[in-house]
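Okay, so here's the structure we're looking at.
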Number of protein chains: 2
Amino acid sequence: MKEIEFLSEISAKDDGKKIAMHGWVKDIRDLGGLKFLLVRDRTSEVQVTCIKGKTSEKIFSKVSNIPRESAVRITGVVKKTNKTRSGVEIIPIDIDILAKSESPLPLDMVKESSVDKRFDNRFLDLRRRKNTLIFIIKSKMFKYAREFLDKKGFIEIQTPKIVSVGAEGGATLFPLVYFDKEAYLAQSPQFYKQMMQSAGFSKVYEISPAFRAELSHTTRHVSEFISLDVEMSFIDGIDALMDLHEDLIIYMFKKLKENHGKELNELGIDIKIPKKPFPRMSLKEVEKFTKKHASISVGAELGTEEEKLLGELVKKKYNHDFVFVTEFPWSARPFYHMKDGNITRSFDLLYKGLEISTGAQREHRIDILKKQAAERNISEESLKYYLQCFKYGMPPHGGFGTGLERILEKLLNLRSVKEAILFPRDPDRLVP
Amino acid sequence: MKEIEFLSEISAKDDGKKIAMHGWVKDIRDLGGLKFLLVRDRTSEVQVTCIKGKTSEKIFSKVSNIPRESAVRITGVVKKTNKTRSGVEIIPIDIDILAKSESPLPLDMVKESSVDKRFDNRFLDLRRRKNTLIFIIKSKMFKYAREFLDKKGFIEIQTPKIVSVGAEGGATLFPLVYFDKEAYLAQSPQFYKQMMQSAGFSKVYEISPAFRAELSHTTRHVSEFISLDVEMSFIDGIDALMDLHEDLIIYMFKKLKENHGKELNELGIDIKIPKKPFPRMSLKEVEKFTKKHASISVGAELGTEEEKLLGELVKKKYNHDFVFVTEFPWSARPFYHMKDGNITRSFDLLYKGLEISTGAQREHRIDILKKQAAERNISEESLKYYLQCFKYGMPPHGGFGTGLERILEKLLNLRSVKEAILFPRDPDRLVP
């Protein structure tokens, strides 16, 4: 007997073979003399066909009473057929109910339930094919991001999530009690990936959770998300960073298209590999560009509406889903971004009208950095360990941070970034 | 001119070529008419040779005054030589000090400083070759762990680190303020990777930070560590888990040996690939085995001393660095481990006398699970979302959790797990 790990392994080649398989009962159709059991797992669906007179009486009568979504183990014989999409059906010898499902189910498995119901019962919601596929693609997207960076000579690092000081300002910090001290959850690995430049590692990246206590109820904000952070030394501007970012996106998209076309197809997604270079516009150019088309005026940074509009305009004019916006005024950027006058050497990357990344060359000259911190009323004491590493040969450096789940949201046309997260966290949701 | 990204790119093949390179000044030797500048980066060291009369007077006089550990950019000509280990030296045309180091340095870069000084100035400590190498090897170990699991059909998942309930009991939880709610930092992804079994994903893994508020001052405990968690469905015992765990370790070790022999050699490490199967002993057998050799008596679990002794005995008797210990009494294990009578279907894996992993088949029958929780005085209310996912077809399943940094500690013979962490956290250390 052949032990089947995942249903996708079963094919017409197994015609006549005895197998053991397992999965969940998705559906049962009872046509009197004929009963069909549809069994599903992460990879596929297989039809089990019970025929009155041919299937043992014990199994035949048992089948109708198996509650949907029960976990089952089935032994049977594979039969080639052209009546099912997979090209096979299973003629059962024995059906073992490993775990009987209660009914009714807390979630309708056919029609879509409310968002709250879905996330409350995420274990069932994730059994729906579309949701399973999102997380298969997500896992592969992460794999290709790492693969690309590894090939480019980047070292993967892990930096602390419990920190003594925030990198993005105090308003969005989660405080926690760390033994007898006050600590916070890291908003980003910003300071640490910079310290790794002083440590001489140059090309480093981290893929790790980041935490923001934002009281936002939007489709683009969550309290915990996965951030891809990249940093490197010896740059002399942000062009190298934008080039690298483009190549990273193109690599991920290409590899997904090449190796996971089947899953993407099931999701109705045809990935268009973006052309290089991605359009690049200064904030001033964006201002002019959008003013021509709408009454929206761009200030020192782009809001949700401005981003959306810019995305649409770029799509129309350049037939491109991505756009780099550069030359933000320092007033709108973190204190550690490098300045050219009042303009920073920084960029945002937008994908289909959503900001997915922020990058910059960092100020590595300690005197100027201290001055910039003081202008923001950030005390030197709070930055003690950060500033320390600028004293002993901190090279010019820069990098960017990307919300991988936002990329996934836009790539798969999801309704919210939360759909790209297994168990999302927002001001109202701490469970499951 | 050839732009050199990392010093290891420069070889005798470049003899006569003009290059631009960057790095940190590790050492300067002034022999009067001859001055040597040793430049270092993450990958290698290169000697810059200044000769009075040949090197420009400006450069020649400047060199002696460059403080050690300054970041420099050097243009020059590569010269083949048999006087340096790398087989080349650089004849400088220009030296640009990108960032001057203050002196004296807060850390002696030749002699080893105290642990506190080292971690306070980790950015300098990490420039030492040995420490750089630890984190190159770490990054590759993670890469091969993922590669192995990906090949085996595992999906990488990310689960929340902000949670409403602890998986390992209340004593070692870090509480935090989550908007208006009390929340905790995840001690492990235990409950979530189990929920993913109910979601039908079967083979999943996560590599992510885990948090434990242990007031321990040991070489094996930290408050934040990287946990590799694995879970899979449709097992009928723990043998499949132990087999998988062995294969994972062997794969990582083999790949490191094959692809990073040079770095391991620099660290003085020759990886011995462990033989399969790893020795497996029940706790009772361990009791007998250790009693023969020492007065230590093994209780319901193994303490630090017992683990060390067992490690030594296994090494002597089986010439093996690993040992699985099985058949722990339920009293010593978490409530969700599956019982056979009073014994659990669980194991610990020890490597060189240090516990690196715990695994188990989980109780998937909700009635028994509820009873087991009640026996531990864990309220059903606190487990509401966890228990919910057992009602609708939760298959038999199990998995394990591994401290990757403990494996690295033992693999590289480090003095403490903290040496395997860039910025470690313990009850006394929250910075940098």
Side-chain angles (χ1 to χ4, degrees), chain A residues 6 22 24 41-42 69-71 98-99 101-102 105 123-124 126-127 135-136 139 142-143 150 153 155-162 164 174-179 181 183 185 192 195 198-202 209 223-224 226 234 364 385 389 391-396 422-423 425 427 430-432, chain B residues 6 22 24 41-42 69-71 98-99 101-102 105 123-124 126-127 135-136 139 142-143 150 153 155-162 164 174-179 181 183 185 192 195 198-202 209 223-224 226 234 364 385 389 391-396 422-423 425 427 430-432:
Chain A
F6 288 115
H22 32 234
W24 288 260
D41 74 2
R42 181 183 98 195
E69 298 305 328
S70 297
L98 296 173
S101 175
E102 282 186 20
L105 297 166
F123 61 97
L124 278 178
L126 289 169
R127 289 187 198 174
F135 292 95
I136 291 173
S139 134
F142 281 40
K143 171 184 160 175
D150 187 66
I155 294 284
E156 186 179 11
I157 58 171
Q158 295 81 30
T159 68
K161 302 307 144 201
I162 301 179
S164 67
F174 284 115
L176 76 131
V177 178
Y178 187 76
F179 303 103
K181 301 169 197 72
L185 288 183
Y192 293 100
M195 284 184 207
S198 178
F201 278 52
S202 187
S223 305
E224 181 177 344
I226 302 294
F234 306 112
H364 66 283
Y385 286 96
C389 78
K391 291 184 191 167
Y392 306 96
M394 174 64 107
L422 287 172
F423 303 96
R425 293 288 178 261
L430 176 58
V431 290
Chain B
F6 288 116
H22 32 235
W24 287 261
D41 74 1
R42 181 183 96 196
E69 298 305 328
S70 297
L98 296 174
S101 174
E102 283 187 18
L105 297 166
F123 62 98
L124 278 178
L126 289 168
R127 289 188 198 175
F135 292 96
I136 292 174
S139 131
F142 281 40
K143 171 183 161 176
D150 187 65
I155 294 284
E156 186 177 14
I157 58 170
Q158 295 81 27
T159 68
K161 301 307 143 202
I162 300 178
S164 68
F174 284 114
L176 76 129
V177 179
Y178 187 77
F179 302 105
K181 302 169 197 73
L185 289 183
Y192 293 100
M195 285 181 206
S198 179
F201 278 52
S202 188
S223 305
E224 181 176 343
I226 301 295
F234 305 112
H364 66 284
Y385 286 97
C389 79
K391 290 184 191 167
Y392 306 95
M394 173 65 107
L422 286 173
F423 302 96
R425 292 289 178 259
L430 175 60
V431 290

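Order of the sequence lines sets the chain letters (A, B, ...), proteins ahead of strands, with each chain counted from 1.
Of the listed residues B:Pro209, B:Pro396, B:Ser70, the one with more heavy-atom pairs under 4.5 angstrom with chain A than any other is B:Pro209.
Side-chain contact annotation: A:Tyr178 with B:Ser223, donor-acceptor N/O pair under 3.5 Å present.
A:Gln158 has its side chain out of reach of B:Leu422: every pair of non-hydrogen atoms, C-beta onward, lies at least 4.5 Å apart. Contact of the B:Ile162 side chain with the A:Leu185 side chain is registered, since non-hydrogen atoms from C-beta on lie closer than 4.5 Å.
The two residues B:Tyr385 and A:Pro432 have their closest heavy-atom pair at CB-CB, 3.5 Å. The minimum heavy-atom distance linking A:Glu224 with B:Thr159 is given by the pair OE2-O, 4.0 Å. Closest approach of A:Arg127 to B:Tyr392, counting heavy atoms only: NH2-O, 2.6 Å. Heavy-atom minimum distance, B:Pro160 versus A:Arg425: CG-NH2, 3.3 Å.
Take A:Glu156 and apply the side-chain hydrogen bond (donor to acceptor under 3.5 Å, both in side chains) test, not counting sequence neighbours, and it matches A:Arg146, B:Arg146.
Ring-centre distance between B:Trp24 and A:Phe234: below the 6.0 Å cut-off.
Interface remark: A:Phe201 contributes backbone and side-chain atoms alike to the contact with chain B (heavy atom separation under 4.5 Å). For B:Lys181, the part sitting under 4.5 Å from any heavy atom of chain A is the side chain, from C-beta outward, and nothing else. If you measure heavy-atom distances from B:Leu98 to chain A, the contacts under 4.5 Å come from both the backbone and the side chain.
Ring-plane geometry between B:Phe174 and A:Phe179 is classed as perpendicular, the angle between the planes exceeding 60 degrees on a 0 to 90 degree scale with a lower cut at 30.
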Passes side chain to side chain contact (heavy atoms under 4.5 Å, CB included), B:Phe423 versus A:Met195? Steps please.
CA-CA 10 Å; B:Phe423 302 96; A:Met195 284 184 207; 3.8 Å; yes
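Annotation: the span from A:Ser198 atom OG to B:Leu126 atom CG amounts to 9.5 Å, rounded to 0.5 Å.
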